[in-house]
Amino acid sequence: MSRINVLIVGAGPSGLAAAIRIKQKLNREKRSESVVVVDKAPKLGYHSLSGAIFEAQCLDELVPGWRTLSDPFVKSMVKVECDEMYYLGRGNAIKIPGFATPRPMRHQGDYAVSLGRMVDWLGKIALGEGVEIYSGFAAEKVFFDGDAVKGVRLVDLGLNREGVPKSNFLAGEELEADVTVFSDGSRGVVSTQWTERFGQGMNPQVYSVGIKQLIKLPPDNAFGANRAIHTLGFPNRADVFGGGFMYSMGENIAAVGMILGLDWRYQDLNPQQELEIFKSHPFVAGLLKGGQVVSSGVKTIPEGGYYALPKLFTDGALLIGDAAGFVNMEKIKGIHYAIRSGMCAADAICEAVIKNDFSKAALARYQKNLEEENIIRELYHARNFRQVFKFGIYLGAPLSNIQTWLPFKLGMEKDYRAMRPGAKLQRKESAGMDKAQFIGLSGAAHREDERAHIRILNPALCLECTQKYGNPCACFCPGEVYRMKGVELILSPSNCMHDGSCQVKCPYQNILWTPPEGGEGPRFKQM
Amino acid sequence: MDFIVLVKQVPDITNIPDEAWDKEKGTLRRGVLDTVLNPLDLHALTLACRIKEKDADKNSRMICLSMGPPQAKEVLIDAMSRGADEAILLTDRAFSGADTVATAYSLALAIKKIEKEILKKRDYIIVSGMQSVDGDTAQVPAQIAEALEIEHIAYAQSFSFEPGLVVKRIGSRGVEAIAPKTYPVLITCTACTEPLYRSFHRSRAANQKLILEWNARSVGADPDRIGLKGSRTQVYRIFSPSEERHKQCVFPESPEKLADLMGIRYKQGPSVEAPSEATSYKLAGKTPSYQGEVWVYAEQEQGVVNQVSLELISEAVKLAASLNEKVGAVLAGHNVENLAAQLISQGADKVYLAEHALLEDFLPIPYKKAVSGLVKKYRPQIMLFGATPLGRELAPRIAYSSDAGLTADCTRLEIENFQKGGTQLVGILKQTRPALGGNIMATIMTKDSRTQMATVRPGVLKALKPDPGRTGEIISFIPEINEGDIRARILSRECVHSHTSIADADIIVSGGRGLGSKAKYDRYVRPLAEALKGFLEGRIEVGASRMAVEEGFIGRDHQVGQTGQTVKPRLYIAAAISGAVQHISGMQNSDIVVAINKDPHARIFNYADYGIVGDLEAVIPKMIEAVNRGKRKS
């Protein structure tokens with residue numbers, strides 16, 4: 001079998017954009033180096049989830065002429081014509097006038113897209129260019145040789161609950177490559193090992209959880225077409241970062257969701273329930289009247305921005321997309337950076353392939369490309385945005401207008417430190433859908449007798465946590481993976497939706513998440 | 001030894017999104033579903049690889065073969081990424097519309113071509129899964145074996161080399177160890193392995209491999225025997241199972257009343273809509289489209305007639321009455337004439353007796369010859385078989401060799417007239433069965449054949465009370481069988497009580513997380529199950545939701561649900577189970593569902609026939625009392 005020249009771990013928008021561009025360039029040069037993409041989802045797009053409002057210009061260079069294609073994905077992109085922002089009070093909604101909305105938060109001209117469908121589309125283009133894509137393979141460990149990356153090792157397959165190999169045991173295969181691209185997204189398995197080795201950026205990375213549903217509305221619905229709504233306020237308390245969103249996705253489907261900063265202090269905050277409460281607000285409920293939930297899912301978003309960017313390249317590897325943290329919180333956008341950073345990486349890699357030099361020095365070209373493409377500059381503009389909100393929404397919102405002029409870096413703590421003993425939301429009763437149904441609609445599935453892919457490092461800490469914080473994992477995990485039963489923490493790993501909230505939020509950082517067997521996890525449909 | 005593994009691309013029924021349902025037509029849009037390699041074929045591939053490993057023949061080749069549209073290449077690549085070396089896709093528009101007979105014919109031709117041009121020898125094994133999740137018939141492999149005139153070993157579970165190959169399989173009398181005497185042989189297997197995983201490096205290699213593509217012409221297919229033209233059955237309606245079973249939950253006023261209603265409903269028998277429909281059909285002077293008698297294959301083992309045959313004879317009596325025809329029972333074996341009387345009492349007008357020393361033990365080829373010979377001689381218009389392990393091996397081969405249409409696992413049989421466009425048929429057998437894992441129902445009719453065959457599962461029909469005063473005719477038939485038809489040796493037989501699977505239970509009492517503890521599960525769920533013994537007939541098992549299993553209330557092999565077992569009992573009692581989607585999908589085809597839950601909004605009530613909103617600690621003891629009272633009365 002021929003050697004893997006370029007290995008791309010994670011078939012999201014960044015990994016696929018990189019793959020496409022590398023092959024485009026190599027094909028032009030009549031070169032045949034191999035570009036191999038691996039992804040843990042059973043099918044491309046099944047682990048992809050985003051709101052999403054997308055700045056589409058980045059596609060012009062990657063897929064020239066895309067606007068005229070009759071591809072189902074392109075046809076599904078919905079141009080935003082009505083872009084609104086609301087402040088939700090207890091029972092009312094106040095529209096925030098256009099002039100009061102900061103420019104980065106205006107989305108006219110952008111497209112509402114399904115990231116899952118985009119990934120599926122990019123995958124087909126990549127295959128057409130000669131990229132090899134293998135889904136259902138989960139990378140578990142990075143091969144480091146000093147600071148150099150040699151490749152990755154896949155997860156062991158065929159262990160039973162006790163960790164004993166069964167008759168079909170397949171030891172994790174080793175994938176070696178000249179250069180490895182880490183594009184495994186927010187809280188990705190291999191990119192987490194990258195930051196463990198090379199350290200975080202100037203600030204630690206912080207996250208939000210995005211919890212989302214697709215709702216099928218009746219034909220003459222109140223929400224309308226080509227509409228994008230963002231909300232602040234209800235149901236969030238002033239000290240919870242985030243808000244709600246509703247986007248027309250075409251064919252009478254609305255994407256509805258919330259983004260919640262994972263630095264909330266409340267031990268009983270349950271994002272899945274918060275979404276149901278959001279949907280119960282009279283303004284929202286009115287727009288969604290007669291609708292039926294057809295899909296649900298959850299994912300984390302890296303929000304540390306400029307100051308949280310870690311080292312981006314090393315001998316034999318580089319970091320792109322959400323894995324690096326290229327998300328602009330002012331715009332709440334990251335997909336176009338994912339694609340553009342993938343393209344920057346591709347250009348650097350092609351030069352490295354031609355020179356047969358994959359050293360740090362050669363791959364430094366990647367950082368230069370990011371700078372030349374203004375990606376770093378745009379992130380720099382938003383560099384203190386997320387941090388001002390740690391002062392709460394009433395101070396944060398006005399401060400966010402001047403954050404870019406602050407001549408110093410605002411620090412940020414890791415999210416898990418925010419939990420406060422005794423801090424509770426105390427929501428009255430459960431609303432709407434329960435977690436079991438939510439999980440069912442995400443399609444999450446794992447082999448039942450598989451060795452648990454989640455481990456509690458020190459069970460004794462869970463008992464301490466019961467006293468101090470009331471085991472918030474039982475609330476914040478959207479998959480209901482964690483449950484206290486008496487003095488024991490019971491795990492239901494087969495519900496896991498691979499979002500990573502638990503690793504971010506556990507106040508004791510007591511959870512070790514490793515990838516389950518490839519091809520498992522959620523099956524997000526067109527999210 | 002070489003291997004040909006048959007694989008099929010099927011819809012992924014474990015993950016049916018809402019938009020896949022066409023609510024107006026009541027059918028599934030298959031195009032919206034994900035596709036996967038048929039799960040049992042994956043077991044077949046693993047079994048073949050294990051045999052190959054043990055055989056340790058360095059030059060052994062493993063070829064996987066699939067018949068399907070161009071997209072089916074995906075499963076061939078999947079199979080190669082797990083263990084197969086080579087792949088062939090049999091694809092042609094002309095194959096579309098093929099039923100099992102036409103499919104088996106086509107695949108058999110492809111196998112012959114592989115034997116002639118690639119393997120160039122007869123020392124090979126064909127392996128396949130017992131059935132596919134979409135068609136669910138288990139007919140194609142048996143019919144391929146018939147087309148190739150080779151032995152078929154069904155329900156394989158394991159193997160050994162002693163030193164020749166010996167296969168352990170589930171037979172009707174227990175687990176048998178069978179050694180094939182001639183090759184090639186076709187083996188179909190159950191879910192008997194830990195399936196091989198896809199290997200990354202094998203996947204890369206598979207990407208580079210050339211998949212041969214053959215079409216109808218390249219395998220020398222007769223155009224009249226493929227596709228819709230070559231089919232002997234045709235689906236003429238697909239509908240949703242909820243049409244068959246309207247679930248409107250009735251809430252009796254007390255647990256005692258619930259126990260009574262439950263018992264009455266259960267004893268009524270499996271839900272057969274309008275049971276009088278079959279007898280209400282009248283020919284009314286019209287000329288029927290089919291001629292001949294209505295036959296039943298009377299399955300016998302060791303001098304005992306299988307209960308299902310008695311059920312089928314009762315059904316045949318109804319069907320024959322509508323058609324003014326006689327009922328015939330086919331009895332094959334050695335020294336079995338004494339069983340004829342029982343068949344006549346049950347309702348047979350004639351018993352066709354095929355006796356031969358070589359029919360002492362059941363093997364598909366000699367039995368097929370005996371029965372098929374009778375069918376070809378007397379040409380009944382209808383023939384029914386029990387969908388037992390034996391029936392599932394035998395009926396497809398008989399259908400193929402006697403050019404009859406066969407529909408497996410029917411839940412309903414009726415005589416009716418049919419009209420569509422210019423076609424008018426009178427007095428045909430309408431065959432209804434579930435498909436796609438029970439997610440849809442299909443109505444099928446036979447076409448281009450003189451005999452309509454169907455298999456029916458035990459317990460679906462009711463055996464009427466026999467009338468010992470009845471008289472009938474015994475017609476003897478000497479089948480043309482010789483030693484050469486015995487292609488396998490049965491080495492041993494163990495009447496093993498197979499590891500109890502809740503999947504075959506008639507009644508399941510199931511508990512959920514709401515019970516709170518293992519102690520409560522043992523205190524309420526188990527006693528209710530115990531109490532039902534002797535009150536209601538059938539095998540009773542206990543079950544649990546996944547949450548309950550995870551909390552340690554009971555072992556994993558009692559788990560009901562999407563990732564546990566799928567069950568179809570006649571009675572399913574769900575105590576403290578909320579009714580999450582993954583659980584429902586595991587028991588939704590239960591005949592009667594009873595739900596007990598504290599929460600009036602629990603989803604389970606949407607799938608229940610009877611329910612009680614209340615604390616099971618109060619409800620279940622009262623139900624047990626009522627059941628015990630009922631037992632004392634009768």
Evaluate the side-chain proximity of Arg198(B) to Leu157(A): yes if any heavy-atom separation is below 4.5 Å, no if none is.
-> no
Is Arg483(A) close to Arg513(B) at the side-chain level, that is, under 4.5 Å between some pair of heavy atoms?
-> yes
Considering only heavy atoms, which portion of Thr46(B) lies under 4.5 Å from any heavy atom of chain A: side chain, backbone, both, or neither?
-> neither
Can you see which heavy atom on Ser492(A) is nearest to which on Arg546(B), and at what distance?
-> CB-NH1, 4.1 Å
Is it true that atom CZ of Arg523(B) has more than 12 heavy atoms of other residues, nucleotides or ligands lying nearer than 6.0 Å?
-> yes
Heavy-atom distances under 4.5 Å only: say whether Ile4(A) touches chain B with side chain, backbone, both or neither.
-> both
Mark yes when over 12 heavy atoms from residues, nucleotides or ligands other than Lys435(A) sit less than 6.0 Å from its NZ; otherwise mark no.
-> yes
Any side-chain heavy-atom pair of Asn168(A) and Arg50(B) under 4.5 Å = yes
Mark yes or no for whether His201(B), through its side chain, and Glu174(A), through its backbone, hold a donor-acceptor pair below 3.5 Å.
-> yes
Mind listing the closest non-hydrogen atom pair of Phe200(B) and Glu173(A) along with its distance?
-> N-OE1, 2.6 Å
Counting only heavy atoms not in Lys166(A), do more than 12 fall under 6.0 Å of its NZ?
-> yes
Can you see which heavy atom on Ser34(A) is nearest to which on Arg204(B), and at what distance?
-> CB-NH2, 3.7 Å
Please state whether the side chain, the backbone, both or neither of Tyr46(A) comes within less than 4.5 Å of a heavy atom of chain B.
-> side chain
If you tally heavy-atom pairs under 4.5 Å against chain B, which of Gly443(A), Ala436(A), Ser167(A), Gly440(A) wins?
-> Ser167(A)
Are any of the side-chain heavy atoms of Asp12(B) and Arg523(A) separated by less than 4.5 Å?
-> yes
Flag side-chain contact, heavy atom, 4.5 Å: Phe137(A) against Ser203(B) = yes
Point-to-point distance, once rounded to the nearest 0.5 Å, from CD of Gln437(A) to OG of Ser578(B) | 9.5 Å
Under a 4.0 Å N-O cut-off, is there an ion pair linking Asp34(B) with Lys43(A)?
-> yes
So does Lys52(B) have more than 12 non-hydrogen atoms from other groups sitting under 6.0 Å from NZ?
-> yes
Separation between CE of Met547(B) and CG of Asn495(A), rounded to the nearest 0.5 Å = 6.0 Å
Under 4.5 Å to a heavy atom of chain B? For Glu488(A) that would be neither
